[in-house]
Every structure is written in C-alpha cells, then in structure tokens.
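Throughout, residue positions are numbered sequentially from 1 according to the sequence presented. These numbers come from the heavy atoms of this one structure, side chains and all, not from hydrogens, waters or symmetry mates.
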Amino acid sequence: MPAGIVGALMSVVGGRLYDDKGARFPIITGASLMAAELIAFVCLSQQMSDLVISLVYIIYMTGMGMSIGAIMTNALASLKPEFSAQGNAFLNTIQQFAGAIGTSLTSAIVGLSQAQYGSKGPRPTAIGTQHAFIFLAVIVVFLWVMFYKNVKTEGGSK
C-alpha cells in the first residue's frame with residue numbers, strides 16, 4: 001500500500017515535471033528509477049529483509065508513477081485531436097494487455113525455476129523470482145534505451 005500511495009503521488013509530480021521540463025525528464029527519470037530497482041532486486045533479492053524489499057519497491061512505484069502519465073501524454077500529443085479518444089482507449093487497452101502478459105510470463109519463469117529445482121519451497125521460489133527480475137530488468141533497460149532515443153524534451157515523439 002505505501003508503494004501504491006507513492007506511485008499515485010508521483011504521478012502528480014511527473015505531470016508537473018512534464019509541464020515544466022517536457023516529456024523527456026519525467027520519462028527518463030522514471031524509467032531510470034524502475035531500472036535501478038529491478039537491478040537491485042536482481043543483485044540483492046535473496047539477501048533483502050521484508051522492509052528493504054518494501055522500500056526498494058517504493059522506488060519502483062516512484063518511477064512508474066512519474067513516467068506512466070508522461071508516456072501516455074507524450075504518445076497522445078502526436079495524434080490529431082479528433083483521434084485522442086481512440087488513442088486513449090488504445091493505450092489503456094495495451095497497458096492492461098501488457099500487464100496481463102507480463103504477469104503471466106513472470107509467473108511462468110518462477111514456475112519453471114520451481115520445477116527445475118523439484119520443489120515449490122522458498123529456495124526454488126527465490127531463485128525463480130530472481131530470474132523473473134532479470135527478465136523484467138532486461139525489458140526496462142530496453143525501454144529506457146527506446147525512450148532515450150525517441151522522446152524529445154519539448155513533448156511529442158521524434
């Protein structure tokens with residue numbers, strides 16, 4: 001719950017940054033925070049306490065909250081005004097679809113690791129979770145590179 005609250009608050013901050021500095025700053029900063037969190041989980045997840053896991057997850061939600069609104073606004077800014085409703089519906093549909101696929105893939109990665117180690121106990125689950133974080137970190141680093149190359153400062157895509 002604390003991470004969800006921070007993510008909601010950071011969406012306001014991300015919107016303000018978008019208005020003041022353009023699309024690039026909140027998107028790149030948010031994606032950087034998400035990448036840092038996932039890399040921290042990859043490297044340290046098996047040694048983290050519950051409190052540290054919660055704090056690191058708050059960093060992820062800070063980045064997510066800061067960037068997701070700016071990403072959507074930046075994408076919609078490239079459309080003609082008469083297509084904004086369809087663009088918004090499309091982006092919301094893609095967001096839900098991507099979330100479902102991501103959840104399925106990470107669950108499958110954890111399940112495969114559990115099966116490989118012959119148990120659903122804590123150790124195989126921790127290993128599987130670490131593998132899932134590696135997968136997610138690769139995706140976020142790829143997205144960061146795409147955002148870095150394609151998002152201009154003043155808003156609107158290149």
Side-chain angles (χ1 to χ4, degrees), residues 2-48 52-110 112-113 127-158:
I5 292 169
V6 168
L9 294 173
M10 289 309 295
S11 66
V12 174
V13 173
R16 175 67 63 160
L17 290 170
Y18 183 90
D19 291 341
D20 293 345
K21 297 183 182 260
R24 187 176 181 82
F25 185 76
I27 292 173
I28 296 299
T29 303
S32 297
L33 289 170
M34 292 187 314
E37 179 275 340
L38 286 167
I39 291 168
F41 269 146
V42 166
C43 297
L44 305 171
S45 63
Q46 294 187 37
Q47 294 85 26
M48 292 177 156
V52 174
I53 290 171
S54 296
L55 293 174
V56 172
Y57 184 60
I58 288 171
I59 295 169
Y60 179 83
M61 289 305 293
T62 298
M64 178 68 78
M66 182 182 292
S67 63
I68 196 71
I71 292 167
M72 292 182 74
T73 302
N74 190 50
L76 291 171
S78 66
L79 298 176
K80 293 180 181 176
E82 61 266 20
F83 295 119
S84 64
Q86 292 90 344
N88 194 27
F90 178 78
L91 288 174
N92 283 310
T93 301
I94 292 298
Q95 183 180 15
Q96 295 299 314
F97 187 66
I101 289 174
T103 300
S104 299
L105 288 173
T106 54
S107 297
I109 290 168
V110 173
L112 288 170
S113 292
I127 293 168
T129 301
Q130 189 170 29
H131 292 159
F133 283 130
I134 292 168
F135 167 72
L136 294 172
V138 167
I139 289 173
V140 168
V141 168
F142 171 76
L143 289 173
W144 187 94
V145 170
M146 296 306 296
F147 292 145
Y148 188 81
K149 287 182 171 183
N150 295 304
V151 177
K152 296 189 294 183
T153 301
E154 63 274 357
S157 298
K158 269 188 175 176

Just by distance, do the side chain of Asn74 and the backbone of Ala70 share a donor-acceptor pair under 3.5 Å?
-> no
Closest heavy-atom pair and its distance - Ser113, His131 | OG-ND1, 2.9 Å
Would a distance-only check, ignoring hydrogens and angles, find a side-chain to backbone donor-acceptor pair under 3.5 Å from Ser107 to Ser104?
-> no
To the nearest 0.5 Å, tell me how far Ile28 CD1 sits from Lys21 NZ.
-> 14.0 Å
CG on Leu38 to CG on Leu33, rounded to 0.5 Å = 11.0 Å
Between atom CD1 of Ile139 and atom OG1 of Thr106, what is the distance when rounded to the nearest 0.5 Å?
-> 9.0 Å
For Phe133, enumerate each residue passing the ring pair (Phe, Tyr, Trp, His ring centres under 6.0 Å) test, keeping only those at least two apart in sequence or located in another chain.
-> Phe41
Between Pro2 and Ile58, the two heavy atoms sitting closest are CB-CD1, 4.1 Å
Note, Asn88 side chain near Met72 side chain (heavy atom, < 4.5 Å) | yes
Looking only at atom types and distance, does a side-chain atom of Thr29 sit under 3.5 Å from a main-chain N or O of Pro26, one as donor and one as acceptor?
-> no
How long is the span from the CZ atom in Phe135 to the CD1 atom in Ile109, to the nearest 0.5 Å?
-> 5.0 Å
CE (Met10) and CE (Met64) are apart, to the nearest 0.5 Å, by 13.0 Å
Where do Leu76 and Ser84 come nearest, in terms of heavy atoms and distance?
-> CD2-O, 4.0 Å
Indicate the atoms forming the closest heavy-atom contact of Ala137 with Val42, along with that distance.
-> CB-CG2, 4.3 Å
Quick check: does any side chain N or O of Ser78 sit under 3.5 Å from a backbone N or O of Ala75, one acting as donor and the other as acceptor?
-> yes
Is it the case that Arg24 places NZ or CZ above or below the six-membered ring of Tyr18, under 6.0 angstrom from the centre and within 45 degrees of the axis?
-> no
To the nearest 0.5 Å, atom CD of Gln130 lies from atom SG of Cys43 at 8.0 Å
Criterion side-chain contact (heavy atoms from CB on, under 4.5 Å) on Gln95 and Asn92, from CA distance to verdict = CA-CA 5 Å; Gln95 183 180 15; Asn92 283 310; 3.8 Å; yes
Heavy atoms only: give me the nearest Ala23-Val151 pair and the separation to one decimal.
-> CB-CG1, 3.7 Å
What heavy-atom pair brings Met34 and Tyr60 nearest, and what distance separates the two atoms?
-> CG-O, 3.6 Å
